[in-house]
Amino acid sequence: MTNEELHAQMVAAMKAKDKTRLSIIRQVMAEVKNVEVNERRDVTEEDVNSMIKRLIKQTSETLEMSKQAGNNQERTDVLTQQVEILESLLPEQVSGDALVALIEKTIAEVGAESRKDMGRVMGALNAATGGNFDKAAAAKEVGARLS
């Protein structure tokens, strides 16, 4: 997601009066602004995606703690909704048949032959997709193919 797309999403959330979505998008935009000001550079699409992933991780951890505490269902519902909104901002992950095809192609390109080459294959997958793939499923599939 680019900075312009994020701004368009914010405007749409304002028009729809979706307060939860608006607050999440504003949170991401604040992170973007911090990078622009502190590092004095334009933010790339990868920067925005990594910020969103970081916020997903933080919100998910808070959600798990809220579920364990079990005393405030309203907060748990809000956190669940926030995680869903953040995940919708990320590009769709490579999975299923597309992931299997990409794994086969990557194994051939890297020339992997044994489990010792698994790290190189996973690194190449990460570079090819920008880290936007189901890592657990990929590791399982790569391990099965390289055994």
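Counting begins at 1 with the first residue of the sequence.
Linking ILVMFWY side-chain heavy atoms closer than 4.5 Å, directly or via other members, places I85 and V78 in two distinct hydrophobic clusters. Side-chain heavy atoms closer than 4.5 Å link hydrophobic residues (I, L, V, M, F, W, Y) into clusters, and following such links, possibly through other members, connects V94 to I107. A single hydrophobic cluster is not seen to contain both L63 and I52; linkage of ILVMFWY side chains at heavy-atom distances under 4.5 Å, directly or through other members, places them apart. Hydrophobic cluster membership differs between V100 and V121, with clusters built from Ile, Leu, Val, Met, Phe, Trp and Tyr side chains linked at under 4.5 angstrom. The hydrophobic cluster containing V83 does not contain L90, counting ILVMFWY residues as joined when their side-chain heavy atoms lie under 4.5 angstrom apart, directly or transitively.
Counting heavy atoms from C-beta outward, Q93 and L99 have side chains that stay 4.5 Å or more apart.
Atom CG of N38 has more than 12 heavy atoms from other residues, nucleotides or ligands within 6.0 Å.
For Q73, the side-chain hydrogen bond (donor to acceptor under 3.5 Å, both in side chains) criterion is met by D77, not counting sequence neighbours. For the side-chain hydrogen bond (donor to acceptor under 3.5 Å, both in side chains) test, residues two or more places apart in sequence or in another chain that qualify with E39 are R41. A search for side-chain hydrogen bond (donor to acceptor under 3.5 Å, both in side chains) contacts involving E84 returns nothing, not counting sequence neighbours. Taking E46 as the reference, T44 meet the side-chain contact (heavy atoms from CB on, under 4.5 Å) condition, with sequence neighbours excluded. Residues meeting the side-chain contact (heavy atoms from CB on, under 4.5 Å) test with A128, sequence neighbours left out: none. Remark: A124 engages T106, V110 in a side-chain contact (heavy atoms from CB on, under 4.5 Å) (not counting sequence neighbours). Taking the side-chain hydrogen bond (donor to acceptor under 3.5 Å, both in side chains) definition, one finds that R75 meets it with nothing, sequence neighbours left out.
Screening residues 55-66 for side-chain hydrogen bond (donor to acceptor under 3.5 Å, both in side chains) gives S66-T76 as the qualifying pairs, with residues at least two apart or on separate chains. Applying the salt bridge (charged side-chain N to carboxylate O under 4.0 Å, His left out) test to every pair with at least one member in residues 135-147, sequence neighbours left out, gives these pairs: E104-R145, E141-R145. Residue pairs meeting the salt bridge (charged side-chain N to carboxylate O under 4.0 Å, His left out) criterion with at least one partner in residues 24-38, sequence neighbours excluded, are E31-R54, K33-E36.
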Let me have the donor-acceptor pairs involving side chains of residues 14-23, under 3.5 Å, with sequence neighbours excluded, atom names and distances please.
from: D18; atom 1: OD1; to: R21; atom 2: N; distance (Å): 3.3
from: R21; atom 1: NH2; to: Q9; atom 2: OE1; distance (Å): 2.9
from: S23; atom 1: OG; to: T20; atom 2: O; distance (Å): 3.0

Hey, can you pull the donor-acceptor pairs under 3.5 Å for the side chains in residues 112-119, sequence neighbours left out?
from: S114; atom 1: OG; to: K116; atom 2: N; distance (Å): 3.4
from: R115; atom 1: NH2; to: G143; atom 2: O; distance (Å): 3.3
from: D117; atom 1: OD1; to: R120; atom 2: NH2; distance (Å): 3.4
from: D117; atom 1: OD2; to: E113; atom 2: N; distance (Å): 2.8
from: D117; atom 1: OD2; to: S114; atom 2: N; distance (Å): 3.4

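Taking CD from E109 and CG from L125, the interatomic distance works out to 9.5 Å, rounded to the nearest 0.5 Å. For the atom pair NZ (K53) and CD (E87), the distance works out to 11.5 Å, reported to the nearest 0.5 Å. Here the CZ-CG distance, from F133 to L102, works out to 8.5 Å after rounding to the nearest 0.5 Å. Rounded to the nearest 0.5 angstrom, M10 CE and L6 CG are separated by 8.0 Å. Atom CD1 of I24 sits about 8.5 Å away from atom CG of L89, to the nearest 0.5 Å.
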Open item on the list: Working note: V28 + L86, criterion side-chain contact (heavy atoms from CB on, under 4.5 Å); need CA distance, chi angles, decisive distance, verdict.
Closed with: CA-CA 9 Å; V28 174; L86 285 167; 4.0 Å; yes
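Remark: side-chain polar atoms of N3 are not paired, donor with acceptor, to backbone N or O of V43 under 3.5 angstrom.
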